[in-house]
Trainee: 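Encoded as structure tokens, here's the structure I'll be asking about.
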Amino acid sequence: MFAQLLAQQTGYAIEALYHHIVQPNQVPVNKTKKEFTGDFTIITFPFAKISKKSPELTAREIGEWLKNALPEIESFNVIKGYLNIILKDDFWMEFLDKNYRNHSFGLNPQKQGQAPVLIEFSSPNTNKPLHLGHIRNNLLGHSVAEILEATGLPVVRVNLVNDRGIHVCKSMLAWKKWSNGETPESSGLKGDHLVGNYYVLFEKKYKEEVNQLKANGLDEETALRTAPLMLEAQEMLRKWEAGDAETHSLWEMMNSWVYEGFNETYKRLGISFDKIYYESETYSLGKKIVEEGFKAGVFYQKEDGSVWVDLTSDNLDHKLLLRSDGTSVYITQDLGCAELRYQEFSPQKMIYVVGNEQNYHFEVLKLILQRLGRTYADKIFHLSYGMVDLPEGKMKSREGTVVDADDLIEEIILTAREITLELGKATDLDEYEAHELFSMIGLAALKYFILKVDPRKNILFNPTESIDFDGNTGPFIQYTHARIRSVLRKANPWSFTPQKNMTFYEEEKEILKILYDFPSVIKQSAKELDPSQIANFAYELARSYNQFYHNLSILHEPDEQRMLTRLAISQFTAQVIRISMHLLGIDVPERM
RNA sequence: GGUCCGGUAGCUCAGUUGGAUAGAGCAGCAGCCUUCUAAGCUGCGGGUCGAGGGUUCGAAUCCCCCCCGGAUCACCA
């Protein structure tokens, strides 16, 4: 990249001019701000001390030196200590020529012989359908995986399904008691929604019992613990862990309903996995690890039989690893799962895409694995993302304020349909094509809305204001792509040859400068596991293209060479929009 | 209370390792379709970057302290 070259050469300049060694990473090189003339800006304030001259004079001397050293430099100007470098248009012309047909600009081929990066995301529970929080998780995981792959890393996408545990027993118990044998077929309900209904029913009946017990004079804590429904659910979990046949067949049947439902949602979101782990297959390995740690004296047992780890020396608390009745808890199976994946894939890194409400859990997980002497403990990275909040605050499944994933997807596609038809578009499409388009646009609105925000930050989702289709949105970027494709369709067969000494218009050069940045944007967002940087890039690019499109004509440009140059810029832009949106898991249409 | 994360325009968000006069979108107002797609483009208004101190040529960015919001500290997951 030219910025690196500039930094390095500036180092040489300072050495030659002032006899002082400066490392390239000590030289601040930025893109020149729009208000000023130039392509790159070198900040020379830090070197004024070395040169013992004013910042202006230092900048001018370095500028002269660079201009002689680098033939790409056309000229430079100095304002205060800022040295603005202007490159020759031939430099940009060559960049355009080299890349405008490249279908994988910015993408690196997979490097051979590298250990994979394993990324876990989605991780649903089988007691209720997916909601908006899961959507964020799925989109983030998918996009980060794509971005890492774009840098040439082999990636393994895994899903860890929480298919067992007390919460699953709750919906099973409620179904057993009150369903009269209801199935997805008999009710016409999506399987995950049907099971979710029984989970909600359990909570409702349980609450009634607790209230009754409290009315009879029990305190809240005792009531919660001793309500018959809770005791029954716990008994069911014990039976399950003991391998009881009847419990297992009910469990398998209900889970199969849920999986069918989940798969449908994943498909609509365009998400897939290389490997699915089930907690039911990892928890016993977890138990073994706990046993191992107990024997090694890393864990201890209380009188009631429960097993704990003392983390107070690391400023944390005591943490339960096995209940007194011997059943396992969340972290037990996570220990087993980490072990299993490490054995299976020997990854260089294990990324867990999990909400920030579980920061403590992952801190504990890593610590425990370290104490057990597992070297892979340090390969674990918790990609901790913020919550999706509603205007009233956090989504609460028990209070029914959860935004359901399937409902939301359906609504956003309906909105896309309304807007598209209102604009008088898609009239020549058949029913299938039209639906594909509405779906593509609606999902883009939803996905972009979520991914454009820094993963660490909470997102505020206001259902009544819903999601925009104008401005900094997915559909705007899609629209820009469709616009370009339309121009390219109308152009006669063309071929572009780079022109020497052509002067670019500002609008043309601006796009080229943005495109030039794309490879480093991918690199940066991969480093920080942050898709929002790609999203912001795509928006900047689309915005600049629209200005270009508005101010200059392409097909009506009388100068043929200039027209061809603009076609090349257009094709290049469409290509990079497509690639960057793909990294976000968003498709772009040929027309809209 | 301990730990962690956040606070930038009315709202939603950008702001690379400290760099020029802190930027977009939405909402509001005013313009631009006989010309390549108006889901677009242009203009206007809108800011004590939570408060205060420090570090230095320079701080939204780094350090300290306080205020506010959130998460978490379960025999839930």
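None of these values were measured; they are calculated from a predicted model. Chain letters run A, B, ... following the sequence lines, proteins first, then strands; residues in each count from 1.
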Trainee: Do any side-chain nitrogens or oxygens of A:Lys457 fall under 4.0 Å of OP1 or OP2 in B:G7?
Mentor: yes
Trainee: Is the aromatic ring centre of A:Phe45 closer than 5.5 Å to the centre of the six-membered base ring of B:G19, with the two planes inclined by less than 30°?
Mentor: yes
Trainee: Closer than 4.0 Å, any side-chain N/O of A:Arg323 to the OP1 or OP2 of B:A77?
Mentor: yes
Trainee: Once each nucleotide of nucleotides 33-39 of chain B is scored for protein heavy atoms under 4.0 Å, what B/S/- sequence comes out, 5' to 3'?
Mentor: --SBBSB
Trainee: Cut-off 3.5 Å, side chains only: do A:Gln333 and A:Tyr277 have a donor facing an acceptor?
Mentor: no
Trainee: Just N and O in the side chain of A:Lys33: are any of them under 4.0 Å from OP1 or OP2 of B:A20?
Mentor: yes
Trainee: Please determine, for B:C66, whether a Watson-Crick or G-U wobble partner exists with both distances under 3.5 Å, and give it or none.
Mentor: B:G50
Trainee: Compute whether any side-chain donor of one residue and acceptor of the other, for A:His167 and A:Asn162, lie under 3.5 angstrom apart.
Mentor: no
Trainee: What nucleotide among B:A74, B:A77, B:A24 has an atom nearest to a side-chain atom of A:Glu279?
Mentor: B:A77
Trainee: Do we see a donor-acceptor contact under 3.5 Å between the side chains of A:Gln533 and A:Asn536?
Mentor: no
Trainee: Has A:Gln547 got a side-chain N or O lying under 4.0 Å from the OP1 or OP2 atom of B:U42?
Mentor: yes
Trainee: To the side chain of A:Tyr330, which of B:U72, B:C57, B:A77 is closest?
Mentor: B:A77
